[in-house]
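Numbers restart at 1 for each chain; the letters A, B, ... are given by sequence-line order, proteins then strands. If you're wondering where the values come from, they're calculated on a predicted model, not measured in any experiment.
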Amino acid sequence: MQKNHGQTRGRRFWLIKSEPGCFSWAEQCRNVVEPWTGVRNYQARNNLRAMAAGDLALFYHSVTEKRIMGVVEVVRTAYPDPTFSATPQGAKPARAGAANPWSCVDVKAAGGFSHPVTLGQIKQDPALAEMTLLKQSRLSVAPLRGEEFSHIVRLGDWSGLQGEGQGGPEKLISGISETGEE
DNA sequence: GCCAACGTTGGC
DNA sequence: GCCAACGTTGGC
């Protein structure tokens, strides 16, 4: 067993955002494992770097849909974002030899919601009032409390982690430390 | 399409 | 180090 960093054992929870026109939940499900690249914000990058294998993240469709589609599991921790050298939209000179400051992780589809949870639902739910999604709407990789995660996957009727068998979601949810770890 | 929030850049 | 200008994100 890994006894990593002396953390309260168990996974942590995140919310990651994508514009469906750019990369969608359907594509995530088709590809299964996907490198989560292109994050160009330091706070979001630091959140990527804080992820551990086995952590779970809600997959949010921003802009056009504004709803949470399902769950992904972190299967590879942070490594240099290979899309850095591509230098999109002439943003950075990225001269040869410049260090790559950006990171990505690999995430794996881990079950969709039969009822995607909308931003409207989240906004009117008192249990979710403190979500980073609401407080920092522009942050594309945000931490999530265990209670928020379990609440949302119940709302969405999560189909659970693949391969965890019957009662997967409830089993997982019950295993979630409801005591926040800030 | 507009606008608020927020991050980045560059002049001083 | 401050701040104005500008760009981007994302909700409405």
Side-chain angles (χ1 to χ4, degrees), chain A residues 12-31 34-51 55-74 77-107 109-145 147-158 180 182:
Chain A
R12 280 184 294 177
F13 303 92
W14 311 90
L15 181 142
I16 60 179
K17 300 202 274 192
S18 182
E19 288 192 42
C22 180
F23 181 73
S24 71
W25 172 246
E27 290 169 271
Q28 176 73 55
C29 291
R30 188 179 331 123
N31 298 355
E34 183 73 15
W36 202 261
T37 57
V39 170
R40 294 295 182 268
N41 168 283
Y42 285 102
Q43 196 180 350
R45 182 208 67 181
N46 291 343
N47 288 332
L48 286 177
R49 290 183 176 179
M51 291 179 177
D55 284 0
L56 298 176
L58 300 174
F59 190 115
Y60 178 79
H61 270 172
S62 66
V63 186
T64 53
E65 295 187 13
K66 289 166 286 183
R67 54 184 189 162
I68 298 167
M69 304 302 292
V71 177
V72 293
E73 177 180 1
V74 176
T77 54
Y79 60 98
D81 183 341
T83 68
F84 167 63
S85 49
T87 316
Q89 281 96 11
K92 289 221 170 188
R95 45 179 192 273
N100 180 357
W102 303 116
S103 299
C104 63
V105 299
D106 286 357
V107 296
F113 289 175
S114 34
H115 304 290
V117 177
T118 67
L119 181 62
Q121 269 179 284
I122 292 166
K123 283 179 130 174
Q124 78 190 90
D125 193 328
L128 302 175
E130 297 303 313
M131 273 183 71
T132 308
L133 177 69
L134 301 181
K135 305 219 146 185
Q136 252 179 292
S137 63
R138 288 182 56 186
L139 185 60
S140 64
V141 181
L144 200 66
R145 294 191 174 97
E147 308 93 301
E148 293 164 341
F149 179 85
S150 51
H151 189 80
I152 287 170
V153 299
R154 284 190 183 102
L155 288 177
D157 195 12
W158 185 29
E182 43 227 283

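Between Leu133(A) atom CG and dG11(C) atom P the separation is 7 Å, expressed in whole Å. Residue Tyr42(A) contributes atom OH, which lies 16 Å from atom P of dT8(C) at whole-angstrom precision. Atom C1' of nucleotide dG7(B) and atom CG of Asn46(A) are separated by 14 Å, given to the nearest angstrom. Atom-to-atom, CH2 of Trp102(A) to C1' of dG7(B) comes out at 10 Å; the value is rounded to the nearest Å. Rounded to an integer number of Å, the gap from Glu19(A) CD to dG10(C) P is 6 Å. Atom CD in Gln43(A) sits about 16 Å away from atom P in dT9(C), given to the nearest Å. Look at CD1 on Ile16(A): it is 17 Å from C1' on dT9(C), rounded to the nearest Å. Atom P of nucleotide dG10(C) and atom CG of Leu15(A) are separated by 11 Å, given to the nearest angstrom.
The two atoms that bring Trp25(A) and Val71(A) nearest to each other are CH2-O, 3.3 Å, heavy atoms only.
Partners of Glu73(A) by salt bridge (charged side-chain N to carboxylate O under 4.0 Å, His left out), not counting sequence neighbours: none found. In this structure Thr37(A) satisfies the side-chain contact (heavy atoms from CB on, under 4.5 Å) test together with Pro35(A), Asp81(A), Pro82(A), Thr83(A), Cys104(A), sequence neighbours excluded. Residues passing the salt bridge (charged side-chain N to carboxylate O under 4.0 Å, His left out) test with Asp106(A), sequence neighbours excluded: none. For Glu19(A), the salt bridge (charged side-chain N to carboxylate O under 4.0 Å, His left out) criterion is met by no residue, not counting sequence neighbours. Residues passing the salt bridge (charged side-chain N to carboxylate O under 4.0 Å, His left out) test with Arg67(A), sequence neighbours excluded: Glu65(A).
Leu139(A) comes within contact range of no nucleotide atom at all, as no heavy-atom separation falls under 4.0 Å.
The side chain of Lys17(A) contributes an N or O atom lying less than 4.0 Å from OP1 or OP2 of dG10(C).
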Produce the list of close N/O pairs, under 3.5 Å, pairing protein atoms with atoms of nucleotides 3-6 of chain B; give distances to one decimal.
unit_1 : atom_1 : unit_2    : atom_2 : d
dA5(B) : N3     : Arg138(A) : NH1    : 3.1
dC6(B) : O4'    : Arg138(A) : NH1    : 3.3
dC6(B) : N1     : Arg138(A) : NH1    : 3.4
dC6(B) : O2     : Arg138(A) : NH1    : 2.1

